[in-house]
Number of protein chains: 2
Amino acid sequence: MRLLLVEDDRLLAEGLASQLEKAGFSVDITRTAKEAAILGEQEDYKAGVLDLGLPDGNGLDVLRKWRSSKAIFPVLILTARGDWQDKVNGLKAGADDYLAKPFQTEELIARLNAIMRRSEGRVHSSVKAGRFELDENRQCLKVDDGSEHSLTGTEFRLLRCLMGRPGHIFSKEQLMEQLYNLNESPNENIIEAYIRRLRKLVGPETIATRRGQGYLFNDAV
Amino acid sequence: MRLLLVEDDRLLAEGLASQLEKAGFSVDITRTAKEAAILGEQEDYKAGVLDLGLPDGNGLDVLRKWRSSKAIFPVLILTARGDWQDKVNGLKAGADDYLAKPFQTEELIARLNAIMRRSEGRVHSSVKAGRFELDENRQCLKVDDGSEHSLTGTEFRLLRCLMGRPGHIFSKEQLMEQLYNLNESPNENIIEAYIRRLRKLVGPETIATRRGQGYLFNDAV
DNA sequence: CACGAACCTGAACTCTTTCTGAAAATACCA
DNA sequence: TGGTATTTTCAGAAAGAGTTCAGGTTCGTG
């Protein structure tokens, strides 16, 4: 679940990123409007967090640039406390939510999850597919026989990706992009290794291989 | 991942091609507008890189020709530095992105990947013929009794070619061209071998042989 | 009718991709 | 800091896809 954080206060940005990563995101940070515009257009993010005060330009212009290109991921903007004008302008420019500084990271995460759910057309904070259900809050997998299994961070992110679109084939490259940010890029065999672990949980049939194409979650099992 | 590179500067073209091939593309190069138009319509590329200045015509006309046919692969155009008009016209003509010369190959590759991602799922295209339907996204064959069979890469490409024009006779040479780029050229018996495999899926009557001419997909069965 | 060319067929072979188990590296927590 | 959980790498095994081959069959033509 890749996320773009646009924030020029380096300290704040890195603190946030570390907490967001614990919450299952893989975060790219940028400090400038210029880079933000490019990254937003080129990379495949699931959401963006945008501070409006940037050294080299206005965050709203970045947002407009995203929206006029095909970057359609949901965006949450950070505003100074009670700056109503910013809020209104932001929503006009296509933001999905806003949050006034200072804020609790928990609230940011909750709101992010909310706008991502909405943009995917989901209502609940869980993903269901076949006999399985993924609990976003507890980061665990429930089976319809009542059993439950907790997942590590990477297991969870990979499984969420696959279960989010049952039947859709995800290439290893796509999965790598969703699991890791621009800085990290481990050996692609890592996907095979995690697929194997997940299969031990959900059964070998549930995650199918399409040789040369990728993997898919089979909800018809 | 086939890619068509339209560039008249032979040196630049070959340098680019070699780097693109390292990045996982299989590249066909053409230097003329005429050939570009034909290749773009007939071959199955995943993306195109189009230089606008060609010896025998304007690159934008090539792009328009592609767009008016069924060539819907994403296209990145190369323009002279800062040529604003070219950029606008290019996007109007249906380009997906542009890049000003000179450029870093890394950036070209990044942008290519970006436009290819965006264009995925642009259309959930499927080819129907007779009792069969070919799902382009999942690379599988659906029969109208509800059954479904996933195909290997080569099976899929060959079947798509035949089903794309039911009743039309494709010579073995034509099929070879569709399946392989200009560098690879296996024994022509490979077509017979794959025709046989496909017949096991769709039934022997559905793919007919015209001795001395080629094969055709029979949608009247 | 006989012959050659084109096509069919099944199996074998090669090469690439994926699987697998274990070990090494790293991050995390007390 | 030491111990534990997690992530990442590695290398050999297995499986699958692509390709070739050799022999059989069918077809059209002289």
Side-chain angles (χ1 to χ4, degrees), chain A residues 14 17-27 139-141 149-159 162 169-176 178-181 183-216, chain B residues 1-2 21 24 26 139-141 149-159 161-162 169-176 178-181 183-216:
Chain A
E14 288 180 358
S18 117
Q19 293 198 258
L20 288 167
E21 276 164 7
K22 274 184 200 152
F25 298 94
S26 91
V27 182
Q139 196 168 309
C140 72
L141 177 73
H149 199 290
S150 72
L151 301 168
T152 73
T154 311
E155 287 168 353
F156 177 74
R157 284 182 283 160
L158 178 52
L159 191 51
L162 294 171
I169 299 174
F170 293 90
S171 72
K172 269 194 282 212
E173 291 75 20
Q174 287 176 316
L175 295 172
M176 288 293 288
Q178 291 302 315
L179 257 50
Y180 300 98
N181 64 28
N183 303 318
E184 318 164 291
S185 48
N187 191 314
E188 281 202 358
N189 180 260
I190 192 79
I191 298 294
E192 293 162 27
Y194 272 103
I195 288 285
R196 172 159 170 71
R197 292 194 200 170
L198 291 178
R199 278 180 175 152
K200 284 183 178 169
L201 291 180
V202 299
E205 313 299 322
T206 309
I207 299 178
T209 304
R210 289 280 177 280
R211 188 164 257 258
Q213 305 172 65
Y215 299 92
L216 63 93
Chain B
M1 195 90 81
R2 284 185 76 187
E21 275 163 9
S26 101
Q139 197 170 307
C140 71
L141 178 73
H149 198 289
S150 73
L151 302 167
T152 73
T154 310
E155 287 169 354
F156 175 76
R157 284 179 286 156
L158 177 52
L159 190 51
C161 187
L162 295 172
I169 300 175
F170 293 90
S171 73
K172 266 194 283 207
E173 290 75 20
Q174 286 176 316
L175 295 173
M176 288 295 286
Q178 295 288 325
L179 258 48
Y180 301 98
N181 71 24
N183 303 321
E184 318 166 289
S185 48
N187 192 315
E188 281 203 358
N189 180 259
I190 192 83
I191 298 293
E192 293 164 27
Y194 271 104
I195 289 287
R196 170 156 174 71
R197 292 188 193 178
L198 290 179
R199 279 180 174 152
K200 283 184 178 168
L201 290 180
V202 300
E205 313 299 322
T206 309
I207 298 178
T209 304
R210 288 283 177 276
R211 183 168 261 256
Q213 304 174 63
Y215 299 91
L216 64 91

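Note that the coordinates shown come from a computational prediction; the quantities given were computed from them, not determined experimentally. Throughout, protein chains are lettered first and strands after them, A, B, ... in sequence-line order, and every chain is numbered starting at 1.
Between Y215(A) and dC19(C) there is a side-chain polar atom (N or O) within less than 4.0 angstrom of OP1 or OP2. Taking 4.0 angstrom as the limit, K172(B) places a side-chain polar atom (N or O) nearer than this to OP1 or OP2 of dC7(C).
The base of dT17(C) sits within donor-acceptor range of the side chain of R211(A), with an N or O pair under 3.5 Å.
For R197(B), the side chain to side chain donor-acceptor pair (under 3.5 Å) criterion is met by no residue, not counting sequence neighbours. The side chain to side chain donor-acceptor pair (under 3.5 Å) check on S150(B) picks up nothing, with sequence neighbours excluded. The side chain to side chain contact (heavy atoms under 4.5 Å, CB included) check on S171(A) picks up E173(A), Q174(A), with sequence neighbours excluded. Residues satisfying the side chain to side chain donor-acceptor pair (under 3.5 Å) criterion with R210(B), sequence neighbours excluded, are absent altogether.
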Run the side-chain donor-acceptor check on residues 185-195 of chain A: report pairs under 3.5 Å with partners two or more places apart or on a different chain.
| from | atom 1 | to | atom 2 | distance (Å) |
| --- | --- | --- | --- | --- |
| N187(A) | OD1 | N189(A) | N | 2.8 |
| N189(A) | ND2 | E192(A) | OE1 | 2.8 |
| E192(A) | OE2 | K172(A) | NZ | 2.7 |

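One can place NZ of K200(B) at 13 Å from P of dC8(C), the figure rounded to the nearest angstrom. Per the geometry, CG belonging to N189(B) stands 17 Å off P belonging to dC13(C), to the nearest Å. To the nearest angstrom, P of dT17(C) lies 17 Å from CG of L175(A). Following rounding to the nearest Å, I191(B) (CD1) and dT9(C) (P) show an atom-to-atom distance of 16 Å. Atom CZ of R197(B) and atom P of dC8(C) are 15 Å apart (whole Å).
Annotation: of the two residues near DNA chain C, R210(A) and E192(B), the 5′-most nearest-nucleotide partner is E192(B).
Counting heavy atoms from C-beta on, the side chains of S26(A) and R157(A) come closer than 4.5 Å. The closest side-chain heavy-atom distance from I207(A) to L216(A) is not below 4.5 Å.
At the heavy-atom level, N187(B) lies under 4.0 Å from the strands shown only through sugar-phosphate atoms. R199(B) comes within 4.0 angstrom of the backbone, heavy atoms only, and of no base. Among the heavy atoms of the strands, none lies under 4.0 Å from F156(B).
Heavy-atom contacts of chain A under 4.0 Å fall on DNA chain D between two terminal nucleotides, which in 5' to 3' order are dT6(D) to dA17(D).
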